[in-house]
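By convention in this document, chain letters (A, B, ...) are assigned in the order of the sequence lines, proteins followed by strands, and residues within each chain are numbered from 1.
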Number of protein chains: 2
Amino acid sequence: MKVNLRHIRYFLALADELNFRRASEFLHISQPALTRTIQDLEAGLAVRLFDRAQNFVRLTDAGRVFREGGRRVMNGLEATIDLTRRVSIGEAGALRVGYTDFAISGELPELLKQFHHKHPGITVRPHHGVTAVQLDELKDDKLDIGFVTGPVRQAGFHSRVVQTDRPICIVPEGHRLAARRSVMLADLAEEDFVHGPADAWAHFYDYLFPLCRKAGFQPNIVQEAFNSVGILGLVSCGMGITILTESTYNFATGGLVPLAITDIADAMVTEAIWASENLRMPTRHFVDFLDERARPEAWNPRT
Amino acid sequence: MKVNLRHIRYFLALADELNFRRASEFLHISQPALTRTIQDLEAGLAVRLFDRAQNFVRLTDAGRVFREGGRRVMNGLEATIDLTRRVSIGEAGALRVGYTDFAISGELPELLKQFHHKHPGITVRPHHGVTAVQLDELKDDKLDIGFVTGPVRQAGFHSRVVQTDRPICIVPEGHRLAARRSVMLADLAEEDFVHGPADAWAHFYDYLFPLCRKAGFQPNIVQEAFNSVGILGLVSCGMGITILTESTYNFATGGLVPLAITDIADAMVTEAIWASENLRMPTRHFVDFLDERARPEAWNPRT
DNA sequence: CTTTCATGATACCTATTATGCATCAAAAAC
DNA sequence: GTTTTTGATGCATAATAGGTATCATGAAAG
């Protein structure tokens, strides 16, 4: 005879009550059914679990050990079922997120923070990788969501733009260009520039500096600040001008004037991308999260 | 529908094989039975555990979680059943052993060491206590075996003598008394004594010193050694004589002469004692162990 | 392109197992 | 003594698990 969860459930009830009738009522079965189940269990284990008489029922030493173990088994199973259910509806699980340098220095940290707040049961596992590598990993189901520099127009992927980084020029109020709405790159050739942190912003400057060279100049860096807020601060007190991205300008306070740069056509786009088929639940939740997040705030329209 | 160990067993087999027919063969059931059991399980959990097609079967994310949990449950149950069985036959468990100061400074440590060697699964839990307290604890089933100073002649207890401590006088070879077989206490009134460690041997000296007083003297302590071997060493190099117990004399090397003391009638007896009814398995094993130990070595006859 | 083979699912019947009811024997309560 | 309460047992029934035959589908072989 094989031991069953039924045996354990009944045993635990009896071990708590130490009375067949009361335990059987608790279990909503008849007393004889309980008696025989306990007999079956004891026979199956070849172990006497209860000392019983008409007068009293009490656990043997072995019974006490089995009670502890039985409780652990039942609790473990309950926890397992619960976790399994949560994973199946995507309330728990892991989301493997790839990111480029550019993504991680942009919106991604905040995005992941918000996602974690909405789905605290989902563990985000970040993996660094350049765009091409991430696409391969997505195809091989080694990654759920990639944050890559786009736009990617490749079959088998869906994506949402999460960050469009159009460069703008920022000058202090009172600057000679401050009255204009827009400039061309060549207009900035003689200006002093405030520079962002070279390492974290490498992607941006790799993109920007060739454009400047094409416009015929090399930016004259006079100050370097630790982050975008620092850059904007230096600009606002007249140390120079800067070229940053739209999204970075969101952090700006007063005293600054943004100018479009008319001869830079392409924005730098960072998009969340995923393989179209067999979406895992955490991935679905992430996509839904992105869409919900986009809608009310008019953040970025869908691709 | 309720989840059963059967469901888990079948699930784990299928999770290993990822093929219904092979898994069903492994389980010695038909393939349709397995199919339906998995369906029942998935319905019971309201969770899809396998992605399946005619072509392949593979675990879902939730299935992977359930596999881990299911394995834990099965292993836990197996371990529990095993431990329960071992406890029921007394191969595992705990033995609550009481001891007096006198017992612990005598044979008890060696005895427990040998018992542990014979029954490594039984954990010995030592509790210090004087004889009267131990007897109460035995009655209240707070203790399995007591090591008490006997003889106890009380209904409801069984016992075995494990240690008879008859005091003997030990003198160095060449001493004025060395030619004799026995002495009386009064013969030792003028001797220099080597003394044992006062704390550990308190029981012994509480017993001996009144006898000396009755014989008309107070022993003249000239040296104190750390343990019995030390005492015997000091005696053998002529520092004095000593009164020890027979069992302690077993440690003696050469150069020493033991003398019976004719006017001390009562030996100090230490006995293992237990309540006669409802012996727990570890207690039985300990009693058997004592009896086996007594027989071949003619150590101490039964009470 | 058709045939064959292997897969998992379904229908239907049987064997096994669990349960309830009625009842028993023993001890405690009255 | 009688009644009540305890756990155990016998027997019939209901629920569950299992087996056989068969289907539908897709892949491989011809």
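A donor-acceptor pair shorter than 3.5 Å can be found between the side chains of B:T37 and B:R6.
Between A:Q39 and D:dT9 there is a side-chain N or O to OP1 or OP2 distance below 4.0 Å. The side chain of A:S30 contributes no N or O atom lying less than 4.0 Å from OP1 or OP2 of C:dT19. Look at A:R52 and you'll find a side-chain N or O under 4.0 angstrom from OP1 or OP2 of D:dA8. Phosphate proximity of C:dT7 to B:R21: present, with a side-chain N or O under 4.0 Å from OP1 or OP2. Considering only side-chain N and O atoms, A:R6 lies under 4.0 angstrom from the phosphate OP1 or OP2 of C:dT19.
Per the geometry, CD belonging to B:E17 stands 17 Å off P belonging to C:dA6, to the nearest Å. A:I38 places its CD1 atom 18 Å from the P atom of C:dT17, with the value rounded to the nearest Å. Across the protein-nucleic acid pair, A:L5 atom CG and C:dT17 atom P stand 17 Å apart, rounded to whole Å. Nucleotide D:dT16 holds its P atom 10 Å from the CG atom of B:D40, rounded to whole Å. Straight-line distance from the CG atom of B:N4 to the C1' atom of D:dA17: 11 Å, rounded to whole Å. The nearest whole Å value for the distance from the CD atom in A:Q31 to the P atom in C:dT23 is 15 Å. B:L27 places its CG atom 13 Å from the P atom of C:dG8, with the value rounded to the nearest Å. What separates NE2 of B:H28 from C1' of D:dG19 is a distance of 15 Å, to the nearest Å.
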List the steps, then state whether salt bridge (charged side-chain N to carboxylate O under 4.0 Å, His left out) holds for A:R293 with A:E110. CA-CA 12 Å; A:R293 191 173 185 280; A:E110 174 63 19; 5.5 Å; no

Start with the C-alpha distance between A:Q31 and A:T35, add both sets of side-chain angles, then the distance that settles side chain to side chain donor-acceptor pair (under 3.5 Å), and finish with yes or no. CA-CA 6 Å; A:Q31 171 263 313; A:T35 291; 2.9 Å; yes

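The environment of NZ in B:K113 is sparse: at most 12 heavy-atom neighbours from other residues, nucleotides or ligands sit within 6.0 Å.
For B:F20, the side-chain atoms get nearest to C:dA9 when compared with the rest of C:dA9, C:dT7, D:dG7. Taking only side-chain atoms of A:P32, from C-beta outward, the nucleotide of D:dA21, C:dG8, D:dT9 with the closest atom is D:dT9. Among C:dT19, D:dG7, C:dG8, the nucleotide with an atom closest to any side-chain atom of A:T37 is C:dT19.
Note on B:F50: nothing from the nucleic acid sits closer than 4.0 angstrom, heavy atoms only.
Comparing B:L18 and B:R36 along DNA chain C, the residue whose closest nucleotide (by nearest heavy atom) sits nearer the 5' end is B:L18.
For the pairing with B:D144, the side-chain contact (heavy atoms from CB on, under 4.5 Å) check across B:R125, B:E137, B:R284, B:R96 returns one residue only, B:R96.
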